[in-house]
Amino acid sequence: MKHLVTGMLVDGDKFLIGRRKPDNKNHPNMWELPGGKVEDGESPFEAINREWMEELNIGVKILHQIPQREMGGTMVYPYILRYESGRAKKNDHSDIKFINFSEINDYLFTPISKEVIHIVKGSYLLFLRKPKE
């Protein structure tokens, strides 16, 4: 079974998505939450940090770890992330942008990203909101 990490970098009520390049063999031109494979001997925590640095040149801090789950024959380790350092570059994406949850139906997401976004929207959004004064 493959093991993948994926991360939702949140900033206020927005989160970062990336558009896969047209030559990507899996889901070309679709939008995703950045991430990738967990390498042999690597923890999911190490993998999410490495993948975000490789794909976007961004250092991240884990805000929440969503319980791992099997999705379509792949074990997925989803994280909610905060920005820590770096400047976003499109190393593995043709486009990157911040969107809010009300815009998710405007984008065609990869199946795993779509599922993680809906999990966060349904279960974790409460924890991401700032308390009212």
Side-chain angles (χ1 to χ4, degrees):
M1 179 178 289
K2 288 192 310 187
H3 292 257
L4 296 177
V5 291
T6 187
M8 177 181 279
L9 179 79
V10 294
D11 183 14
D13 63 346
K14 295 184 178 272
F15 62 95
L16 187 124
I17 59 173
R19 187 176 197 160
R20 289 180 170 216
K21 291 183 176 179
D23 61 354
N24 191 309
K25 64 181 179 191
N26 296 313
H27 309 292
N29 293 313
M30 292 180 81
W31 292 88
E32 68 177 351
L33 298 173
K37 292 179 187 163
V38 178
E39 304 290 342
D40 287 339
E42 182 179 51
S43 72
F45 174 80
E46 293 166 328
I48 194 69
N49 285 288
R50 177 186 51 75
E51 286 288 346
W52 273 74
M53 191 54 73
E54 286 177 4
E55 291 187 11
L56 297 157
N57 283 23
I58 294 177
V60 294
K61 179 180 178 185
I62 294 173
L63 188 61
H64 297 289
Q65 181 176 359
I66 299 169
Q68 69 195 43
R69 62 199 67 225
E70 189 268 328
M71 296 181 189
T74 300
M75 185 57 70
V76 179
Y77 303 84
Y79 293 92
I80 299 175
L81 308 168
R82 289 271 191 227
Y83 170 85
E84 191 165 68
S85 64
R87 200 165 194 145
K89 290 187 179 175
K90 296 183 277 188
N91 296 334
D92 280 5
H93 297 94
S94 61
D95 195 10
I96 53 175
K97 61 172 61 176
F98 277 93
I99 66 167
N100 60 42
F101 282 95
S102 66
E103 298 174 282
I104 59 176
N105 292 326
D106 298 341
Y107 296 88
L108 184 59
F109 287 101
T110 62
I112 288 174
S113 292
K114 184 176 184 176
E115 191 166 336
V116 170
I117 290 167
H118 285 285
I119 289 166
V120 171
K121 185 177 181 195
S123 301
Y124 290 85
L125 199 53
L126 175 68
F127 299 108
L128 300 177
R129 292 196 178 127
K130 291 189 169 135
K132 292 185 179 178
E133 299 290 321

Worksheet item: Does the pair Val5 and Tyr79 meet the rule for a side chain to side chain contact (heavy atoms under 4.5 Å, CB included), with working shown?
Response: CA-CA 8 Å; Val5 291; Tyr79 293 92; 4.2 Å; yes
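- Residues that satisfy the salt bridge (Lys or Arg N to Asp or Glu O under 4.0 Å) test with Glu42, not counting sequence neighbours, are Arg50.
- Here Asp95 pairs with nothing under the side-chain hydrogen bond (donor to acceptor under 3.5 Å, both in side chains) rule; sequence neighbours left out.
- A donor and an acceptor atom, one from each side chain of His93 and Glu32, are located under 3.5 Å apart.
- Between Ile62 and Leu81, some side-chain heavy-atom pair lies under the 4.5 Å cut-off.
- Counting only distance, with no hydrogens or angles, the side chain of Asn57 and the backbone of Arg87 share no donor-acceptor pair below 3.5 Å.
- Within the 4.5 Å cutoff, side-chain heavy atoms of Lys14 are placed close to those of Asn100.
- The hydrophobic cluster containing Ile58 does not contain Ile17, counting ILVMFWY residues as joined when their side-chain heavy atoms lie under 4.5 angstrom apart, directly or transitively.
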Worksheet item: Would Leu9 and Trp52 count as a side chain to side chain contact (heavy atoms under 4.5 Å, CB included) if you check the C-alpha gap in whole Å, the side-chain angles of each, and the deciding distance to 0.1 Å?
Response: CA-CA 10 Å; Leu9 179 79; Trp52 273 74; 3.5 Å; yes
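- A side chain to side chain contact (heavy atoms under 4.5 Å, CB included) with Val120 is found for one member of Leu33, Ile80, Val10 and no other, namely Ile80.
- Under the 4.5 Å side-chain heavy-atom criterion for grouping Ile, Leu, Val, Met, Phe, Trp and Tyr, Phe98 is not connected to Ile104 through any hydrophobic cluster.
- Residues Ile117 and Phe101 have side chains in contact (heavy-atom distance under 4.5 Å, counting atoms from C-beta outward).
- Shown here are the salt bridge (Lys or Arg N to Asp or Glu O under 4.0 Å) partners of Arg19, two or more places apart in sequence or in another chain: there are none.
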